[in-house]
Visitor: 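One structure is given below, represented as structure tokens, and several questions about it will come after.
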Amino acid sequence: MGQLQGMVLPLLAFGAAHSVNGMEKKFTDRNRGHREANQLGGALKVNMPDWFDTTGDSYFKHVNRMTIELSVAEARGSDAELSVRAAAKKSEAVAIADRLVAGSGWIPARCA
């Protein structure tokens, strides 16, 4: 407790970050985890697009093609969705989605 605030706050943030799980279902109900993470984010005034970029590696590789299409449509409109739908393989759809959503600030609703 004798540490300076500049040392204590990062340690507290580290401990809190490892105790909050709003994405994975391990030992608790997933919906409750999302709700609690959203409450915590709201209380801390966290703007997730400042901290999370939706990319092929961070999101699109981990969801099915329909979700990729719907995500791109939400972020960039129905014309962009058609570009993803025209891709022959999922890997191509991921690359297209990654390019189209880059810089838009769009994040999945569960992360908002």
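The residues of the chain are indexed from 1 along the displayed sequence.
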Visitor: Considering non-hydrogen atoms only, spot the tightest contact between Ala73 and Glu81 and give its length.
Guide: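 Heavy-atom minimum between the residues: CB-OE1, 3.4 Å.
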Visitor: Out of curiosity, does Leu40 fall in the hydrophobic cluster containing Trp51 (side-chain heavy atoms, cut-off under 4.5 Å, transitive links)?
Guide: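 Yes, because Trp51 and Leu40 connect within a single hydrophobic cluster, where side-chain heavy atoms sit under 4.5 Å apart.
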Visitor: Checking Ser58 now: which residues fulfil side-chain hydrogen bond (donor to acceptor under 3.5 Å, both in side chains) with it, not counting sequence neighbours?
Guide: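 Partners of Ser58 by the side-chain hydrogen bond (donor to acceptor under 3.5 Å, both in side chains) criterion, ordered by chain and then number, come out as Thr55.
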Visitor: Can you list, pair by pair, the side-chain donor-acceptor contacts under 3.5 Å of residues 86-102, counting residues two or more places apart and other chains?
Guide:
{"unit_1": "Lys90", "atom_1": "NZ", "unit_2": "Lys61", "atom_2": "O", "d": "3.2"}
{"unit_1": "Lys90", "atom_1": "NZ", "unit_2": "Val63", "atom_2": "O", "d": "2.6"}
{"unit_1": "Glu92", "atom_1": "OE1", "unit_2": "Ala88", "atom_2": "N", "d": "3.0"}

Visitor: Transitive ILVMFWY cluster of Met7 at side-chain heavy atoms under 4.5 Å: who else is in it?
Guide: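 In the cluster with Met7 are Leu11.
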Visitor: Holding to side-chain hydrogen bond (donor to acceptor under 3.5 Å, both in side chains), I want the full list of residues that pass it with Glu74, two or more places apart in sequence or in another chain.
Guide: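 Residues passing side-chain hydrogen bond (donor to acceptor under 3.5 Å, both in side chains) with Glu74: Trp106.
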Visitor: May I have all residue pairs that pass salt bridge (charged side-chain N to carboxylate O under 4.0 Å, His left out) and include part of residues 62-72, sequence neighbours excluded?
Guide: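 Found Glu69-Arg85.
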Visitor: For Leu12, I'd like to know if atom CG has over 12 heavy atoms of other residues, nucleotides or ligands within 6.0 Å.
Guide: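 For Leu12, atom CG is crowded (more than 12 foreign heavy atoms under 6.0 Å).
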Visitor: Which pair of heavy atoms, one from His62 and one from Asp57, lies closest together, and at what distance?
Guide: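 Heavy-atom minimum between the residues: NE2-O, 2.9 Å.
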Visitor: If every non-hydrogen atom of Gln5 is compared with every non-hydrogen atom of Pro10, which pair is closest and at what distance?
Guide: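 For Gln5 and Pro10, the tightest heavy-atom pair comes out as O-CD, 4.1 Å.
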Visitor: Would a hydrophobic clustering, with Ile, Leu, Val, Met, Phe, Trp and Tyr connected at side-chain separations under 4.5 Å, put Leu82 with Val72?
Guide: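 No, Leu82 does not connect to Val72 through the hydrophobic network.
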Visitor: Report the hydrophobic cluster partners of Met66, with the cluster defined as I, L, V, M, F, W, Y residues connected by side-chain heavy atoms closer than 4.5 angstrom, directly or transitively.
Guide: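 When side chains under 4.5 Å apart are linked, the cluster holding Met66 also contains Leu70.
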Visitor: Please check if Met48 and Leu44 belong to a single hydrophobic cluster, counting links between Ile, Leu, Val, Met, Phe, Trp and Tyr side chain heavy atoms closer than 4.5 Å.
Guide: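 Yes: a chain of side-chain contacts under 4.5 Å links Met48 to Leu44.
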Visitor: Which residues pass the side-chain hydrogen bond (donor to acceptor under 3.5 Å, both in side chains) test with Thr67, not counting sequence neighbours?
Guide: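 side-chain hydrogen bond (donor to acceptor under 3.5 Å, both in side chains) list for Thr67, sorted by chain: Asn64.
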